[in-house]
Amino acid sequence: MSVTNIKAHSELTHSRKPGHSMPGELFGRHDVFETDVDVFFHKHWILVGVTADVPEPGDVSTVDIGKASILILRDDDDNIRTYRNVCRHRGARLKDAGKSTVGMLVCPYHQWTYELDGSLKHTTHMGIDFDRSCRGLIPVKTRIVGTHIFVCLSGDAPADIDILEETMDPRFAPYDLTRTKIAHEAEIIENGNWKLVIENNRECYHCGATHPELTASFLPEDFGFCPQGLSEESQRELDAYHARNAANVSSWEKDGLICNAFERLDPDAATSFRTQRLVIAGNGESQTMDTRVASKKLFGELQRRDLGDVHMWTHNSWTHVMSDHAVISYIIPLAPDKTLVRTKWLVHQDAVEGVDYDLKTLTEVWAATNSQDASLVAINYRGTQDPAYEPGPFSPFTETYVELFAQWYTARLTAHGI
Amino acid sequence: MSVTNIKAHSELTHSRKPGHSMPGELFGRHDVFETDVDVFFHKHWILVGVTADVPEPGDVSTVDIGKASILILRDDDDNIRTYRNVCRHRGARLKDAGKSTVGMLVCPYHQWTYELDGSLKHTTHMGIDFDRSCRGLIPVKTRIVGTHIFVCLSGDAPADIDILEETMDPRFAPYDLTRTKIAHEAEIIENGNWKLVIENNRECYHCGATHPELTASFLPEDFGFCPQGLSEESQRELDAYHARNAANVSSWEKDGLICNAFERLDPDAATSFRTQRLVIAGNGESQTMDTRVASKKLFGELQRRDLGDVHMWTHNSWTHVMSDHAVISYIIPLAPDKTLVRTKWLVHQDAVEGVDYDLKTLTEVWAATNSQDASLVAINYRGTQDPAYEPGPFSPFTETYVELFAQWYTARLTAHGI
Amino acid sequence: MSVTNIKAHSELTHSRKPGHSMPGELFGRHDVFETDVDVFFHKHWILVGVTADVPEPGDVSTVDIGKASILILRDDDDNIRTYRNVCRHRGARLKDAGKSTVGMLVCPYHQWTYELDGSLKHTTHMGIDFDRSCRGLIPVKTRIVGTHIFVCLSGDAPADIDILEETMDPRFAPYDLTRTKIAHEAEIIENGNWKLVIENNRECYHCGATHPELTASFLPEDFGFCPQGLSEESQRELDAYHARNAANVSSWEKDGLICNAFERLDPDAATSFRTQRLVIAGNGESQTMDTRVASKKLFGELQRRDLGDVHMWTHNSWTHVMSDHAVISYIIPLAPDKTLVRTKWLVHQDAVEGVDYDLKTLTEVWAATNSQDASLVAINYRGTQDPAYEPGPFSPFTETYVELFAQWYTARLTAHGI
């Protein structure tokens, strides 16, 4: 392939036929990946953690986002603050990825010392005229929604994070998600491009044959189905699905709970997201194998177990909040063919493992689901890199959110001059 | 190295001095590698397997060829069929590399289901108007010669595969190679460019000091020697070599066996190959340590053990067929400095391990030889990437096939507009 | 990042603000790395070994320098010779990295055989007219200073190696360093750019908090300190430091030992280096935990133990020579983010382990120090690759040699037309 043959990124996005999967080069090319990271992970709001990552003042959670790294910390006034993890001297990382507790932030290289408010407090050997005031840590734009910590690494952060916040705050409010703890977290490095990870998450066309654990509690119909030519039995099941949904919504709304779907997935939305209160199948309580709560200690002051699943999608995350626990996953692209998926299981901060909840029961559904999806993403990625791959047609019934993601992807690149 | 300094691929090939090894950049550069894969492994016929890879209807052998992957399968009518291993929906791999048995080919992602004839049989959620007829698996051009499965991934497959077929079919015929089984297979990833692997295979100048197992049965003189200034003893050995060859050829021809060398290695040949019936040294039967057959069950209905070695070279393979077993190796380039060598040992399909043959006796010669060659290719590769490397002179007696390969390489690139 | 956005190497070096660290792309970019290797490791003199690497005639030490490789050998006349490790036939490596002993150098591929003087002695199958005289091994420019083996891979070797030799020879002479043996050697692959490894080595601003073992014997003041606003106690310590230095120098000079600092670090120096006889802290004898000699058998015919530390820096090495042992480290860049640091501990050739010296005592200071520095280089490298990194100010007191290195780096690139 000579230099002159290489298609521009925009040529690739615009060559996509509506209703069809993306060209393979959008997944595999290094230059496309670099642009993706810059546009979608530096210039948009991304989910990078939860408030329970830093439960106490002085707690620090260091999150690497590709070559970037941020420090999430709780200061002495209980405010969450975020900084770029780069010393203002010669650039050393202040903290390795992971969690720790500090009084001040001391660079391991030459002991430049920063307060938790980011100001540079102390340096040796810099001379008496050295001006520390302009050498504080670089703050990161941050917005906390429920327990979710969103950041934007760019100075020019999209303003429509307000819409996400206004939409989600009242939906999360009954759960009091800042009074939670992390019962478990897990990481998978999936062998595929980040867009394939998101595409995989945006449809449940694959769920029936792949996710026996998830589909115990999940209704694939929530994300589309083909209504044509249904058998009598299928039609009966569909009617039951609709009836059950209607009954649940009616009951929840009586309790003042917001249920309706809200989508902001259109090309104009910088901060795209979707939310809805979904019905849990079976016993109707939680995303577990027996569809009952995994934690007896419900969130906040909740009394009712069957609150369904408040789901939220953003372009780098998926969240499910039930009455007893929440599962929050976010992705960080590592390479064209490597994507980190980090998942946190939250329970009430006073819930006690072995008493209120059993860890295996709590985690087994999404641990299995994420692992199954990782396999699918890997075979999808490898296939799209085959010279024989041609983009194929999406199902008009079950893959509409994949199509919307592809449209949004193109539009956001265009909005950033790509 | 600035962009403007980079020599064109053709400039590199044409800078090679006749009779000298290739410039190091032809082995090490990524862009050269990409072009090589495209020209020599997608646009030429390559060996990718044997009929015994899929002995029964429904058997599938999946072969990765760099980023490409193909499905070799035997259909219900006992025909061997090959397809690109890419689902026509969103591109997922239908099968991981390796072997399996299926009734139909079901994509693991969304269960699109293909018949063994490649047609798309079944999809859910695509709507009643969805036209499956244009979404069958993409077939691969395939030619079976003896037991060898050759494919060409390009639509524009070179027609001169006919010559290889016409030449080899009568030579392989007495061995009935479709009635064989794979007694053993092995893979080595050699740490060198694919062209160095082939160069290594095209001369036996290195055999004497490197391959004690192979030279038990192999006559290095078959691939050239310097006739000048021979000692009296060497001259006697050479006379004995010629006499033995003549006696063997005469005996074989009496039995109607084709013996003569046939070479199609010239620059105009797209499908280059060489064949000859070579004399086996020692007891004259087979490429084993004691030069006797490794399998008492001879191929087909053969009665005679001393049939020599019907060898065949192509630009990605080497084959040795003896009366009792065949050894077939082919290469797949993985990276500029990584080449997969896959070797299969075939015996009569009714031969029984432990009764008719001993696996160690059968495999030890070429297992050792391939491993020894891997070491040589690795030190050769690393040396050619040293800034101090300058192409050196080939032996005019023992490296003529290396020179012919280099000429062919240049010519084929030119033929493809490189 | 599009092709047109990529800054030229010279633009990067010249964009550096005086007194500030380098832009991150100078550490992370592959093209910058390739140029660095060419300019600083092929066209300048680099340290690659010591005479004790090849103690006996026929001994060979093979040193890989990135893609290049050299053979250091001792011939039958006890001369040290160096050659490029590339066979003149098809380029195979003659020797793998490491040490061996030979009578002649025989290529493992086709047995081309070279004398220890590099001449091609023997080839088979090349024909009677083949001219071996122009196919000898390619010699490498070599200069031995004390025990240090410097080479320049370029034909156009900088002449100012003479200054280094003239300066160091009389300083090393009392130690008789050719009569030494390697008591231990160690390798670390540091996860950072080679320039960060050197920057780390050029200042002791980081020593106090990082190197408890080294600072037992090392005086960080030797490499700068901020004299402003010292506490009374600090001022007393500083006065004591100066007094101790003066007393030592006076005593050494009485014994005819050269003590003064000599620096050749300016932009015009191709072969940059620094040397000085430094005072050892504590008991004043050697860089050990108890600051006493590690080997009872002093170098050469030395009687006095408190000879301080004759240090020498070059752009790829650091050396400390005490009365009883020497520690010599040199670096080889492997990738933008990988640098090999190889360290050799020398003692008198007649010193006996367990009798004259204990290996742990001998090696623990620099084994720990190198390991600690590797951690710092790694966090420094990762931070400089963060999009949030901005070059920060050097200490005008403790990082002057880092600044001089940065200036020299720029100047040498300019001198080579970059």
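Lettering follows sequence order; numbering is per chain, from 1. Hydrogens, waters and symmetry mates are skipped; everything else that's a heavy atom, side chains included, is used.
Using a 4.5 Å cut-off between heavy atoms, C:I128 touches chain B through backbone and side chain atoms alike. Of the two parts of B:T210, only the side chain, counted from C-beta on, holds a non-hydrogen atom closer than 4.5 Å to a non-hydrogen atom of chain C. Residue B:V377 does not touch chain C at all, counting heavy-atom pairs closer than 4.5 Å. If you measure heavy-atom distances from C:H9 to chain B, you find no contacts under 4.5 Å at all. With a threshold of 4.5 angstrom between heavy atoms, B:Y381 does not approach chain C through any atom at all. Within the 4.5 angstrom heavy-atom criterion, atoms from both the backbone and the side chain of B:E199 approach chain C.
Contacts with chain B (heavy atom to heavy atom, under 4.5 Å) involve these residues of residues 109-117 of chain C, listed by number: C:Y109, C:H110, C:Q111, C:W112.
Considering only heavy-atom pairs separated by less than 4.5 Å from chain C, the leading option among B:M22, B:Q228, B:Q385 is B:Q228. Heavy-atom pairs under 4.5 Å with chain C were tallied for B:A209, B:P387, B:G208; the largest tally goes to B:P387.
Contact annotation: the side chain of B:S21 never approaches that of C:H89 to less than 4.5 Å [non-hydrogen atoms, C-beta and beyond]. Side-chain contact between B:R382 and C:V86 is absent, with no heavy-atom pair separated by less than 4.5 Å. In this structure, B:C226 and C:T124 have side chains that are not in contact, with every pair of non-hydrogen atoms separated by 4.5 Å or more. Looking at heavy atoms from C-beta onward, C:F130 lies in side-chain contact with B:P393 at the 4.5 angstrom threshold.
Heavy atoms of other residues, nucleotides or ligands lying less than 6.0 angstrom from NZ of C:K99 number more than 12. Within a 6.0 Å radius of CG in C:D131, other residues, nucleotides and ligands contribute more than 12 heavy atoms.
Between B:Y205 and C:H125, the gap from one ring centroid to the other is short of 6.0 Å.
We find the OH-OG distance between B:Y389 and C:S69 to be 16.0 Å, quoted to the nearest 0.5 Å. With rounding to the nearest 0.5 Å, the separation of SG in C:C107 from CG in B:L376 is 8.5 Å.
Salt bridge annotation for C:R90-B:E203: present, with a cationic side-chain nitrogen under 4.0 angstrom from a carboxylate oxygen.
When each of C:R88, C:R93, C:K67 is paired with B:D386, the salt bridge (Lys or Arg N to Asp or Glu O under 4.0 Å) condition holds for C:R93 and for no other.
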